[in-house]
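Okay, so here's the structure we're looking at.
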Amino acid sequence: MAIVAQSSKFSTYGRPVLAWAVGLLFFFPIFWMVLTSFKTDADAVKPEFLFFFTPTLENYLNMTENYDYWRFARNSVISAVSATAFTLVVGVPAAYAMAFNPSRATKDVLMWMLSTKMLPAAAVLYPMIFLAKGVGLYDTHILVITVLCLINLPIAIWMLFTYFKEIPKDIIEAGKMDGVNTWGEIKEILVPLAWGGIASTALLVFIFCWNEAYWTVRLTTIDAATLSKLIEGNRAPEGLFFGRLSAVSTAAVGPIVVLGWFCQKQLVQGLTFGAVK
């Protein structure tokens with residue numbers, strides 16, 4: 001009885017406290033970044049100004065006036081939205097074929113696609129740059145969108161495949177008996193039934209594309225540079241400009257944090273779907 005009482009007491013008080021502690025632990029870096037963005041570069045490195053300082057918008061004004069923030073933001077939107085769209089255009093038919101017309105090699109193909117995520121990016125960086133410059137695509141939206149699409153396609157196909165497997169195959173078979181072609185099955189039957197899964201996949205892929213830094217920094221210079229490139233640019237031989245760096249980082253992660261907050265239900269569904277199987 002004592003053990004049951006202690007367990008009930010922990011569930012009532014201990015779990016909420018633990019949840020709040022973990023939440024604050026994850027939130028603190030974001031809070032500190034936002035706080036530092038309102039400090040000057042000089043104040044940001046002085047211990048006496050850790051919490052008490054005179055707030056300033058100098059870093060944000062400098063970011064928009066001198067660093068052309070809106071051009072980098074526009075490139076990030078173009079790259080993330082386009083890559084997400086192309087990923088779904090390729091991923092939905094691929095997952096449909098594997099879910100409803102599997103072959104003996106389907107599982108092997110799925111595992112092979114997932115294994116490409118384990119490939120060290122640095123191993124193919126220089127060949128990628130060499131090829132991109134050779135065909136004249138270096139620092140272009142086409143290159144960035146293609147790379148983002150390719151690196152996120154395995155995850156998208158796996159997620160969509162899991163969603164599609166939950167749809168009764170009899171529904172697809174009934175569509176075939178009614179004379180619906182493959183495109184009609186995807187458009188008229190599959191997409192409406194799996195819209196929640198497709199939306200969750202699109203949301204996660206968009207976040208991955210927006211947050212991608214390794215490839216976007218190294219495959220761009222000016223024309224197709226994203227916000228990751230702008231953040232990386234706040235580095236000089238003299239060191240890091242913490243005030244300006246925090247302002248740029250806040251402006252870069254702000255939209256995606258807000259999006260994740262409003263779409264947290266879809267995010268959790270997308271990350272945990274099929275976990276109990």
Side-chain angles (χ1 to χ4, degrees), residues 20 22-85 138-141 143-145 147-148 152 202-264 266-267:
W20 273 101
V22 173
L24 291 174
L25 181 65
F26 279 96
F27 176 74
F28 182 78
I30 299 177
F31 165 76
W32 195 257
M33 177 183 66
V34 175
L35 188 69
T36 306
S37 69
F38 292 102
K39 302 178 182 179
T40 63
D41 289 323
D43 291 347
V45 295
K46 293 180 179 179
E48 60 268 26
F49 295 125
L50 282 180
F51 293 101
F52 302 99
F53 58 93
T54 303
T56 177
L57 294 176
E58 175 186 344
N59 296 317
Y60 289 97
L61 295 175
N62 183 61
M63 175 186 68
T64 56
E65 293 175 0
N66 300 328
Y67 285 88
D68 199 6
Y69 165 81
W70 297 112
R71 178 172 63 84
F72 290 97
R74 182 177 66 252
N75 287 339
S76 290
V77 172
I78 292 173
S79 299
V81 172
S82 301
T84 301
Y138 186 79
D139 193 25
T140 63
H141 289 299
L143 176 63
V144 175
I145 292 169
V147 171
L148 291 178
N152 289 293
L203 180 61
L204 286 172
V205 171
F206 178 82
I207 292 174
F208 292 152
C209 292
W210 184 276
N211 292 338
E212 177 59 39
Y214 184 86
W215 289 107
T216 55
V217 168
R218 288 159 180 80
L219 296 179
T220 61
T221 53
I222 298 175
D223 295 336
T226 62
L227 287 170
S228 299
K229 190 73 173 181
L230 178 60
I231 295 173
E232 192 267 345
N234 282 272
R235 181 177 62 181
E238 296 83 4
L240 295 175
F241 301 107
F242 287 103
R244 280 178 278 178
L245 181 62
S246 298
V248 173
S249 300
T250 300
V253 306
I256 210 68
V257 169
V258 173
L259 178 65
W261 177 264
F262 284 103
C263 302
Q264 54 184 306
Q266 287 75 17
L267 280 173

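Model, not experiment: these values are computed from the prediction.
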- Note on the structure: All heavy atoms of Val144 vs all of Ser79, minimum pair found to be CG1-OG, 3.7 Å
- Steps toward side chain to side chain contact (heavy atoms under 4.5 Å, CB included) verdict (Leu143, Asp139): CA-CA 7 Å; Leu143 176 63; Asp139 193 25; over 6 Å; no
- Task: Give a yes or no on whether Ile222 atom CD1 has more than 12 heavy-atom contacts from other residues, nucleotides or ligands under 6.0 Å away.
- Result: no
- State, to 0.1 Å, how close Tyr138 and Arg218 come at their nearest heavy-atom pair, and which atoms those are. OH-O, 3.2 Å
- N/O donor-acceptor pair under 3.5 Å between Asn62 side chain and Glu58 backbone: no
- Item | Nearest-0.5 Å distance that lies between atom CG in Leu148 and atom CZ in Phe208 | 12.5 Å
Please tabulate, for the side chains in residues 22-38, all donor-acceptor contacts under 3.5 angstrom to protein atoms that are two or more places apart in sequence or on a different chain.
unit_1: Thr36; atom_1: OG1; unit_2: Trp32; atom_2: O; d: 2.7
unit_1: Ser37; atom_1: OG; unit_2: Val34; atom_2: O; d: 2.5
unit_1: Ser37; atom_1: OG; unit_2: Tyr60; atom_2: OH; d: 2.7

- Least distance between heavy atoms, Tyr69 atom then Thr64 atom: CB-CA, 4.3 Å
Between side-chain atoms of residues 245-256 and protein atoms elsewhere (two or more places apart, or another chain), which donor-acceptor pairs fall under 3.5 Å?
unit_1: Ser246; atom_1: OG; unit_2: Phe242; atom_2: O; d: 2.8
unit_1: Ser249; atom_1: OG; unit_2: Leu245; atom_2: O; d: 2.8
unit_1: Thr250; atom_1: OG1; unit_2: Ser246; atom_2: O; d: 2.7

- Listed once per pair and sorted, the salt bridge (Lys or Arg N to Asp or Glu O under 4.0 Å) pairs that draw on residues 206-217, sequence neighbours left out: none
- Going from CH2 on Trp70 to CG on Asn75, what distance comes out if it is rounded to the nearest 0.5 angstrom? 13.5 Å
- All heavy atoms of Lys229 vs all of Thr221, minimum pair found to be CE-O, 3.9 Å
- Do any N or O atoms from the side chain of Asp223 and from the backbone of Thr140 form a donor-acceptor pair under 3.5 angstrom? no
- For Ser82 and Ile145, which heavy atoms make the closest approach, and how far apart are they? CB-CD1, 3.4 Å
- Could you go through the side chain to side chain contact (heavy atoms under 4.5 Å, CB included) check for Thr56 and Thr40 one step at a time? CA-CA 7 Å; Thr56 177; Thr40 63; 3.9 Å; yes
- Note: Asn152 and Cys209 closest approach over all heavy atoms is ND2-SG, 3.4 Å
- Item | Pair Trp210-Thr226, side chain to side chain contact (heavy atoms under 4.5 Å, CB included): steps then yes or no | CA-CA 9 Å; Trp210 184 276; Thr226 62; over 6 Å; no
- Donor-acceptor contact below 3.5 Å, side chain Arg71 vs main chain Ala225: no
